[in-house]
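Worth saying up front: this structure is predicted, and the values here are computed from it rather than measured.
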Protein chains: 2
Amino acid sequence: MATSGTPRRRSREDVAEMALHLLDEYGLPDLTMRNLATALGVQPSALYWHFPNKQALLAAVSTRILAPLAELPVEDLSVHEAVRVLGARLRDCLLTYRDASELVSSSLSLGLVGSPVRPQLLEVARRRGVPDALSEVAAEVLVHFTVGYVFHEQQRRTADSLGLLEAADALDPDEATAAPADEDSFAKALTMIADGLDVSVTRAAGPLG
Amino acid sequence: MATSGTPRRRSREDVAEMALHLLDEYGLPDLTMRNLATALGVQPSALYWHFPNKQALLAAVSTRILAPLAELPVEDLSVHEAVRVLGARLRDCLLTYRDASELVSSSLSLGLVGSPVRPQLLEVARRRGVPDALSEVAAEVLVHFTVGYVFHEQQRRTADSLGLLEAADALDPDEATAAPADEDSFAKALTMIADGLDVSVTRAAGPLG
DNA sequence: ACCTGAACACCGTTCAAGT
DNA sequence: ACCTGAACACCGTTCAAGT
């Protein structure tokens, strides 16, 4: 009995994993249902048994990309530290796979995937007596900024890997080569966001004690 | 001579204007080259005389959407006020047309359109003696957050106009109906960003004077 | 200068039918 | 339960040719 080994129940996971691999290898524009089916040695229509549509598939891929964030230990951090660590780690996750920020951005906006920093930031903030309303706002600023920043970063990366950097710089003489999207300015931005939250916390606590 | 009236040189502008109209009327997914051509009473291939590709067309539409921002008078504002006013006005521009934030987000990330707040924020900041490096960072946080926020706002808007709000809320029992994307939390976020910039400015000026 | 006509090489999705 | 085969209704883009 059951000699055919494990009844491989997780073929849905296999599809998502192959999709993530194709994303990283060939980029989002080439992550088509047809290419994915071919890579799996299957007909395109077979994918629709596992996922209702392409958006749902992409949401599953987004979840995989963001998974490492959930395991990040934040209990002992200050709120200021948590904002910076969560932002930096979210950026790491997005930079791990090609075009990941674009994919996550859309899954996030469609509400098909939860905020990758909200639960942990809320937990730390509560522990320090910060009102949820403030941490909610900070979480939104943090995730929108980070995803948008890395989106921009990855687009420029693939853009000048194709050698069409001049086109983008010819926009405005003053505006050219705005920000090189360096590591440093990202860290400064996170500090600015954390500082902003601190000010709000102080203002909220000030009148009371 | 020249009896045929004005030689209508601006048909390129007409194409962009019609595209903006279609965007607002039917949404980004239905803004196809074929639908646009039909609306103009022309063959799809005719559009490629005016624009090299669809991305360039969309960039022109983005520029139109963001145009009102350039006329905003900011000279007399404090840096703190400028951040909040520019953010609020950017949101207004994006909310004026359906799916505008998604379109602008991609044009922005592709570098086909300049930052809609950078020039004015830099000008105000210089006037107040704020180092460019700091206002650059603040401008990035401001634009990424605002575009991302409104993207999320508009997606939810069209999502529940289609009556599929429950699907998104069934994600996580704790995480459900995260932020109703209200006017108020957006204003609070802008204040937080402005506060963060203020702290950075104070820190930069402190050791010196 | 501006546009047509026709083609090329693709898409996501559905659905009866197979096993 | 899981997949095939075949179709439907589309896409963006190119390019010779017209006017």
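Taking the C1' atoms as reference points, C:dC8 lies 12 Å from D:dC11, given to the whole Å. D:dA9 and C:dC10 have their C1' atoms separated by 13 Å, given to the nearest Å. To the nearest whole angstrom, the two C1' atoms, one in D:dC3 and one in C:dA16, are 13 Å apart.
Of the N and O atoms on the side chains of B:R156 and B:H152, not one donor lies less than 3.5 Å from an acceptor on the other residue. For A:S101 and A:Q154, the side-chain atoms include at least one donor-acceptor pair closer than 3.5 Å.
In this structure, A:L58 places its CG atom 9 Å from P of C:dT13, rounding to the nearest Å. To the nearest angstrom, P of C:dG5 lies 15 Å from CG of B:L47. Protein atom CD of B:Q43 is 9 Å distant from nucleotide atom P of C:dA6, rounded to whole Å. Atom pair A:M33:CE and D:dA7:C1' shows a separation of 17 Å (rounding to whole Å applied). Summarising the geometry, the separation between OH on B:Y48 and P on D:dA16 is reported as 17 Å, rounded to the nearest angstrom. Following rounding to the nearest Å, A:F51 (CZ) and D:dC2 (P) show an atom-to-atom distance of 13 Å. Atom CH2 of A:W49 and atom C1' of C:dG18 are 16 Å apart (whole Å). When the C1' atom of C:dG5 is taken as reference, atom CZ of B:R34 falls 12 Å away, rounded to whole Å.
B:H80 places a side-chain heavy atom less than 4.5 Å from the side chain of B:T191.
At the heavy-atom level, A:N35 lies under 4.0 Å from the strands shown only through sugar-phosphate atoms. The residue A:T32 sits close only to the backbone: its heavy atoms come under 4.0 Å of sugar-phosphate atoms, none of a base.
A:V147 and A:L108 get closest at one heavy-atom pair: CG2-CD2, 4.1 Å.
Each of B:A46 and B:K54 was matched to the nucleotide of DNA chain D holding its nearest heavy atom; the match closer to the 5' end belongs to B:K54. Place A:D30 and A:S45 on DNA chain C by their nearest nucleotides, and A:D30 ends up nearer the 5' end.
Between A:H50 and D:dA1, a side-chain N or O to OP1/OP2 separation shorter than 4.0 Å is absent.
No more than 12 heavy atoms of other residues, nucleotides or ligands shown are found within 6.0 angstrom of NE2 on A:H21.
Base-pair partner of C:dC15: D:dG5 (Watson-Crick or G-U wobble, both distances under 3.5 Å).
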